[in-house]
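One structure is given below, encoded as structure tokens.
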Number of protein chains: 2
Amino acid sequence: MGDFMERTELLPILLELFRQQGYAGVSIADVSKATGLGKSSLYHHFPEGKEQMAREVLQHVEVGVRESFVAPLKAVGDPHERLREMTKMVEDFYDGGRKGCILDGLTLGAASEPFRQMVARSVEAWVAAMASVAVEAGLSKKVARERAEDALIAIEGSLVLSRALGDQKAFKRVIKNLPQRLLGETNL
Amino acid sequence: MGDFMERTELLPILLELFRQQGYAGVSIADVSKATGLGKSSLYHHFPEGKEQMAREVLQHVEVGVRESFVAPLKAVGDPHERLREMTKMVEDFYDGGRKGCILDGLTLGAASEPFRQMVARSVEAWVAAMASVAVEAGLSKKVARERAEDALIAIEGSLVLSRALGDQKAFKRVIKNLPQRLLGETNL
DNA sequence: GTCTATACTAGGATAGAC
DNA sequence: GTCTATCCTAGTATAGAC
């Protein structure tokens, strides 16, 4: 079995670790336990250690954002329907608010510098796609962009709050109101 | 000089460490460097180590939330004016978006369990105070509560995004629109 | 209350056998 | 590609002098 296959099994596990524990909170021993691989095997796959793991997780996430969030928004059909499709994927990815955001986990602390550019790319792709749908639905470019940024802010904020309170209702409400927040004409 | 004075000097330093690095990202050596105290002195002040430090930081934050955010909201005067006063304090506390939120830093990872209840108290006090002002300004209880929760979500989310992108404009925009978000009749 | 010194554990990383 | 064994550093925590 080649390297390529291994990575597709490893990266989702690493993603789960980093989003739940943050960069500093994940030890190589944790990774070893979660993957079933010994430390030496891990260094075989990731010679530069934990930082490389995090970098590859972010690359993996960037692909995931494009496939799961951006692609549905760019599909054919009614803007509202495409937005609902994305919303479903978001709800799924964050497990209804039980799982945190990797942007959060990997940008906390001084170790985050190497990751900032990759994070920015994923954020920009997602926000741009949401804004584009809003423009199609009739909003001005300026308003569409602001609402798209607000949508992402609301998602991130509700994930922090849901985690902090151990209660997913903040996330659920944000998800439910997301189409209205992005495309609606009035406050909720 | 008594114990009481020492804590008022130590806790703000600990707060800065935890909000920037998260719980797992802070080592006793970091604390030693930041405070100028040797490790043994730190264990003299906090016999239960890092967890006690974090707990006391959260107690300190709870007081700060009540004094800096809740108190202005409960003062006499125009609701909009009181809200602007709180907004100023929030902007100041987060240093215009350059400093992260302690709720975020202390709830990431498995070590966060002991802190959840304290975090929840601060959150509830702040949200309740914002909702109360919104009710005074004429909103229904239900809408006021939702808007207050949304305001906190927006603050938390914009802090995550500002940190992730290394750019404070998300936070600044949320702060600028906060009164409208809470009390306004339409979308921004 | 703070220091130096020390013990011990956990974490990161590598060498070399299979 | 994975393992065991090992190394070294960093991290937590304590003892005892001042």
Side-chain angles (χ1 to χ4, degrees), chain A residues 1-58 60 102 105-115, chain B residues 1-58 60 105-106 108-115:
Chain A
M1 194 178 283
D3 286 291
F4 190 72
M5 182 57 184
E6 304 296 342
R7 282 243 175 335
T8 64
E9 293 170 22
L10 286 174
L11 291 180
I13 297 174
L14 292 173
L15 169 60
E16 290 310 308
L17 285 172
F18 283 123
R19 75 197 292 193
Q20 281 166 37
Q21 308 288 335
Y23 185 77
V26 174
S27 72
I28 304 299
D30 291 334
V31 177
S32 178
K33 202 182 302 179
T35 60
L37 288 175
K39 290 186 185 186
S40 295
S41 303
L42 291 171
Y43 280 100
H44 172 75
H45 290 288
F46 305 95
E48 291 154 83
K50 197 163 75 163
E51 191 180 309
Q52 184 182 2
M53 295 179 195
R55 268 188 276 117
E56 294 201 20
V57 164
L58 280 179
H60 177 249
I102 190 74
L106 285 186
T107 59
L108 190 56
S112 69
E113 280 306 325
F115 312 136
Chain B
M1 195 178 282
D3 285 289
F4 189 71
M5 181 58 186
E6 305 296 340
R7 280 232 171 354
T8 64
E9 293 168 22
L10 286 174
L11 291 179
I13 297 173
L14 292 173
L15 168 61
E16 289 310 308
L17 285 171
F18 284 123
R19 75 197 292 193
Q20 282 166 36
Q21 308 288 333
Y23 185 77
V26 173
S27 72
I28 305 297
D30 291 333
V31 177
S32 177
K33 203 184 300 180
T35 59
L37 287 176
K39 292 183 186 187
S40 296
S41 302
L42 291 171
Y43 279 100
H44 171 76
H45 289 287
F46 304 95
E48 290 154 81
K50 197 163 76 162
E51 192 181 308
Q52 184 182 2
M53 294 179 196
R55 269 188 276 117
E56 294 202 18
V57 163
L58 280 179
H60 177 249
L106 285 187
L108 191 56
S112 69
E113 280 306 325
F115 313 137

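Below, read A as the first sequence line, B as the second, and so on, with proteins coming before strands; counting in each chain starts at 1. Keep in mind the model is a prediction, meaning the values are calculated, not measured.
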task = Mind checking the CD1-CD spacing from A:I102 to A:Q20? Nearest 0.5 Å is all I need.
result = 10.0 Å
Reported CG-to-CG distance for the pair B:L10 and B:L15, which is rounded to 0.5 angstrom =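 Reported to 0.5 Å precision, the distance equals 12.5 Å.
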inquiry  = When you measure from the side-chain N and O atoms of B:Y43 to the phosphate of D:dA13, is any distance below 4.0 Å, counting only OP1 and OP2?
reply    =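 Indeed, a polar side-chain atom of B:Y43 lies that close.
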task = Tell me whether the OP1 or OP2 atom of D:dG1 has a side-chain N or O from A:H44 closer than 4.0 Å.
result = yes
Atom [atom1] of [X] to atom [atom2] of [N]: distance rounded to whole Å?
X: B:L10; N: C:dG1; atom1: CG; atom2: C1'; result: 12 Å
X: A:K33; N: C:dG12; atom1: NZ; atom2: P; result: 13 Å
X: B:H45; N: C:dC3; atom1: NE2; atom2: P; result: 9 Å
X: A:I28; N: D:dC7; atom1: CD1; atom2: C1'; result: 16 Å
X: B:D30; N: D:dA13; atom1: CG; atom2: P; result: 14 Å
X: B:R7; N: C:dG1; atom1: CZ; atom2: P; result: 10 Å
X: B:L37; N: C:dT4; atom1: CG; atom2: C1'; result: 15 Å
X: A:M53; N: C:dG11; atom1: CE; atom2: P; result: 14 Å

note = On DNA chain C, more 5' by nearest nucleotide between A:A24 and B:G38 is B:G38
task = Have a look at A:K50 and say if it touches a base, only the backbone sugar-phosphate, or nothing, with a 4.0 Å heavy-atom cut-off.
result = sugar-phosphate
task = Check every strand shown and say whether A:S27 touches a base, only sugar-phosphate, or nothing at a heavy-atom separation below 4.0 Å.
result = sugar-phosphate
key: A:K39 (side chain) donor-acceptor with A:I28 (main chain) under 3.5 angstrom   = no
task = Please answer whether the main-chain N or O of B:E51 pairs with a side-chain N or O of B:Y23 as donor and acceptor at a distance below 3.5 Å.
result =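 Yes, the answer is positive, given that a donor and an acceptor are paired below the 3.5 Å cut-off.
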ask   = Does any N or O donor sit under 3.5 Å from an N or O acceptor when you compare the side chain of A:S40 with the base of D:dC3?
value =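 Answer is yes: a donor-acceptor pair is held.
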ask   = Closest heavy-atom contact between B:H45 and B:Q52?
value =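 Smallest interatomic distance, heavy atoms only, reads O-NE2, 4.2 Å.
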